[in-house]
Amino acid sequence: MSIKIGIAGPVGSGKTSIIEKLTNMLKDKYTLGIVTNDIYTTEDANYLKSKLELNSEQIIGVETGGCPHTAIRDDISMNQKAVEELEEKFNPDIIFVESGGDNLSATFSYELVDYYLYVIDVAQGADIPRKKGAGLLFSDLLISNKIDLCPYVNVDLEAYKKDVHISRKNKPSLFLSNQDEKSFEKLKEWILALL
């Protein structure tokens, strides 16, 4: 039985690049499957197929035809079908289910995933942690991404971290940068702990 990990967050927060990096870190020891959600395209799935050394059938793009939030929270049937297809064909250790959205309210149904993480990024503004939202408050792990951009978008990282910790209370959070391999090692450790 696969462990299913949802990855949600606003458009452009870096979900797909996080999946790409994690897959490259995990693929030699674990079998992976990936499901992406877009409204009218399979753009994210196509990108990952072109970049990752995985069988292209291990990456499924779901065209939701409407708000992807609904397809991961309310009517999960399209995503459930994709997950079941991956389990039948490849029996993966881990399946990532990625879904974007333009606000902070996305949450996953726990009938679809076992755990989910929510991705925000500093370039969206210093006030994002204070605006909260269901994904930010209730996800199993909150990721603040692109922290290396703080000097370029006038975000005080220490103040940002303080706001995240206030909003999250005792729930875990990580601060990531593509320039910092150690930050991704912490994310990998979190995922491996779930196994």
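Side-chain contact between Ile34 and Leu52: present, with at least one pair of heavy atoms (C-beta onward) separated by less than 4.5 Å. Contact of the Pro68 side chain with the Asp38 side chain is not registered, since no non-hydrogen atoms from C-beta on lie closer than 4.5 Å. A 4.5 Å side-chain heavy-atom check between Leu141 and Tyr115 finds every atom pair outside the cut-off. A heavy-atom distance below 4.5 Å is not found between the side chains of Lys161 and Val164. In this structure, the side chains of Leu187 and Leu117 come closer than 4.5 Å at one or more pairs of heavy atoms.
Under a 3.5 Å cut-off, the side chain of Asn145 and the backbone N or O of Ser13 do form a donor-acceptor pair. A donor-acceptor pair under 3.5 Å links the side-chain atoms of Ser109 to the main chain of Glu111, judged by distance alone. Under the 3.5 Å distance criterion, the side-chain polar atoms of Arg130 are left unmatched by any main-chain donor or acceptor of Ser167. Checking side-chain atoms of Asn24 against main-chain N and O of Glu20 turns up a donor-acceptor pair under 3.5 Å. The main-chain N or O of Ala71 is found under 3.5 Å from a side-chain atom of Asn79 such that the two form a donor-acceptor pair. The closest donor-acceptor contact from the side chain of Lys15 to the backbone of Pro10 lies under 3.5 Å. No side-chain donor-acceptor contact under 3.5 Å links Asn37 to the backbone of Val62.
No continuous path of hydrophobic side-chain contacts links Ile143 to Ile147 [ILVMFWY only; heavy atoms under 4.5 Å]. A continuous path of hydrophobic side-chain contacts links Met78 to Val113 [ILVMFWY only; heavy atoms under 4.5 Å]. Linking ILVMFWY side-chain heavy atoms closer than 4.5 Å, directly or via other members, places Ile59 and Leu26 in a single hydrophobic cluster. In the hydrophobic clustering of this structure, Ile5 does not group with Tyr110; members are Ile, Leu, Val, Met, Phe, Trp, Tyr whose side-chain heavy atoms approach within less than 4.5 Å, directly or through other members. Tyr116 and Ile3 end up in different hydrophobic clusters when Ile, Leu, Val, Met, Phe, Trp and Tyr side chains are linked at under 4.5 Å.
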Can you check side-chain contact (heavy atoms from CB on, under 4.5 Å) on Glu84 and Gln80, steps first, answer last? CA-CA 6 Å; Glu84 288 170 359; Gln80 193 72 58; 3.5 Å; yes
Ser139 and Arg168: CA distance, side-chain angles, deciding distance, side-chain contact (heavy atoms from CB on, under 4.5 Å) verdict: CA-CA 9 Å; Ser139 59; Arg168 291 288 287 173; 3.2 Å; yes
So Leu48 and Thr16, side-chain contact (heavy atoms from CB on, under 4.5 Å) or not? Walk me through it. CA-CA 8 Å; Leu48 291 170; Thr16 306; 3.8 Å; yes
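The NZ atom of Lys146 sits 14.5 Å away from atom OH of Tyr152, with the distance rounded to the nearest 0.5 Å. Distance check: Leu136 CG to Ile120 CD1 gives 5.0 Å after rounding to the nearest 0.5 Å. Between the CG atom in Leu157 and the CG atom in Leu149 there is a gap of 11.0 Å [rounded to 0.5 Å]. Distance check: Thr23 OG1 to Lys51 NZ gives 14.0 Å after rounding to the nearest 0.5 Å. Of the inter-residue distances, the one linking Tyr160 atom OH with Cys150 atom SG reads 7.5 Å to the nearest 0.5 angstrom. Atoms CG and NZ, on Leu32 and Lys27 in that order, are 9.5 Å from each other to the nearest 0.5 Å.
Taking the ring-ring contact (aromatic ring centres under 6.0 Å, His included) definition, one finds that Tyr118 meets it with nothing, sequence neighbours left out. For Glu85, the salt bridge (charged side-chain N to carboxylate O under 4.0 Å, His left out) partners are Lys89, not counting sequence neighbours. Listed by chain and number, the residues in a side chain to side chain donor-acceptor pair (under 3.5 Å) with Ser105 are Asn103 (sequence neighbours excluded).
Pairing each heavy atom of Phe96 with each of Leu22, the nearest pair is CZ-CD1, 4.1 Å. Considering every non-hydrogen atom in both Ser173 and His165, the closest pair reads OG-CE1, 3.7 Å. In terms of heavy-atom proximity, Gln58 sits nearest to Thr31 at NE2-CG2, 4.1 Å. The two atoms that bring Ile60 and Ala82 nearest to each other are CD1-O, 3.6 Å, heavy atoms only. The nearest pair of heavy atoms linking Phe184 to Ser177 is CE1-O, 3.5 Å. Of all heavy-atom pairs spanning Asp93 and Tyr30, the tightest one is OD2-CA, 3.3 Å.
Look at Lys188 and Glu181 and you find no salt bridge, because none of the NZ, NE, NH1 or NH2 atoms lies under 4.0 Å from a carboxylate O.
Asp148 and Asn178 share no side-chain donor-acceptor pair at under 3.5 Å. Between the side chains of Glu43 and Asn46, not a single donor N or O lies within less than 3.5 Å of an accepting N or O.
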